[in-house]
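The structure appears right after this line, and notes come after that.
Heads up: numbering here begins at 1 and tracks the sequence. Since the model is a prediction, treat every value here as computed from it, not as a measurement.
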Amino acid sequence: MPLVDEEQDGDLLQRVTLMRKQVALDLGILVPPIRIRDNIQLAATTYEIKLRGARVARGEIMPKYLLALNASGTQESLDGIQTVDPSFGMAAVWIQPERRIEAETNGYSVVEPQTVLSTHLMETIKSHAADLLGRQECQELLDHLKTRAPALVDDLIPSKLPLGGVHRVLQRLLHERLSIRDLATILEALADGAEHTRDVDMLVERVRRALSPMIAQIFDEGDGSVSGFTIGPRLETMLGHFFNAQAGRAGDEPDINPQQLASA
């Protein structure tokens with residue numbers, strides 16, 4: 001609660017407001033209002049993040065401490081409370097504020113507890129962005145676009161693709177942490193693709209191609225290159241058979257033994 005109470009210099013509410021705006025810019029969705037409640041059933045240092053009443057994440061913060069993250073992989077140890085960063089699973093230590101300079105000198109990244117919580121909240125929202133985008137939210141995005149490009153929306157919905165189809169495509173993109181902010185490009189790709197198929201997988205692939213410049217930037221190494229790896233033709237063929245068997249006969253045993261994949 002001290003992180004929320006402005007009289008105790010708590011700025012968590014302001015951070016949450018900025019975080020919602022940042023998610024809107026990053027993913028192109030409007031994050032619903034976030035309510036912060038005190039729960040006496042939880043330990044004093046524990047918090048939970050809930051979505052529609054169901055817990056989706058949990059963590060622990062020490063309000064009077066700072067979190068030192070071992071982002072550099074240093075072997076230097078720090079005296080404090082050993083823990084794990086809730087956002088990325090990184091080894092970390094809760095330290096006294098006066099030890100901040102020592103931690104940073106030893107290669108640790110030091111952040112305030114409210115930063116830990118707000119970052120965890122942002123990563124949780126990104127992980128569940130597809131669940132946050134319901135049919136109504138999807139319709140509101142389309143209505144907003146229609147004010148700028150009415151012909152584009154009317155050409156696609158509902159004659160070529162119903163609202164449900166557009167909704168499922170947008171959810172798939174968000175599930176892959178791809179932004180749907182460029183909704184006009186997405187709808188143009190869907191309008192072209194829906195002339196040939198209404199299969200969601202094929203439509204999503206067509207949208208990925210349309211968004212390829214944006215996707216490439218996500219994996220850009222900083223010098224215009226993208227790192228990747230290739231697999232041999234034998235393994236590629238076996239993987240194809242394996243996943244086709246999984247998709248075609250859900251619940252049945254696949255023809256390919258996973259150990260065969262490992263040996264390939």
Kindly determine whether Leu121 and Arg15 satisfy side chain to side chain contact (heavy atoms under 4.5 Å, CB included), including the steps that lead there.
CA-CA 10 Å; Leu121 178 60; Arg15 288 173 181 262; over 6 Å; no
Under a 4.0 Å threshold between the charged nitrogen and the carboxylate oxygen, would Arg100 count as salt-bridged to Glu112?
yes
Examine distances only and state if a side-chain atom of Asn106 and a backbone atom of Glu102 form a donor-acceptor pair shorter than 3.5 Å.
yes
Side-chain ion pair, Glu123 and Arg177, N-O less than 4.0 Å
yes
Taking the side chain as every heavy atom from C-beta outward, state whether Asn39 and Tyr47 have any atom pair closer than 4.5 Å.
no
Quick check on the hydrophobic clustering: are Leu51 and Met19 connected, directly or via other members, by side-chain heavy-atom contacts under 4.5 Å?
yes
Does some side-chain heavy atom of Asn70 sit less than 4.5 Å from a side-chain heavy atom of Leu78?
no
Does Ser118 use its side chain to pair, donor to acceptor, with the backbone of Thr115 at less than 3.5 Å?
yes
Asp85 (side chain) donor-acceptor with Phe88 (main chain) under 3.5 angstrom
yes
Whether the side chain of Gln114 engages the backbone of Leu12 through a donor-acceptor N/O pair (distance < 3.5 Å, no angle test) should be reported.
no
Please report the shortest heavy-atom distance between Ala129 and Leu174, naming the atom on each side.
O-CD1, 3.8 Å
Would you confirm whether His167, through its side chain, and Leu163, through its main-chain N or O, come within 3.5 Å as a donor-acceptor pair?
no
I would like to know whether Arg99 and Asp79 meet salt bridge (charged side-chain N to carboxylate O under 4.0 Å, His left out); could you show each step before the answer?
CA-CA 9 Å; Arg99 308 199 66 172; Asp79 291 333; 3.6 Å; yes
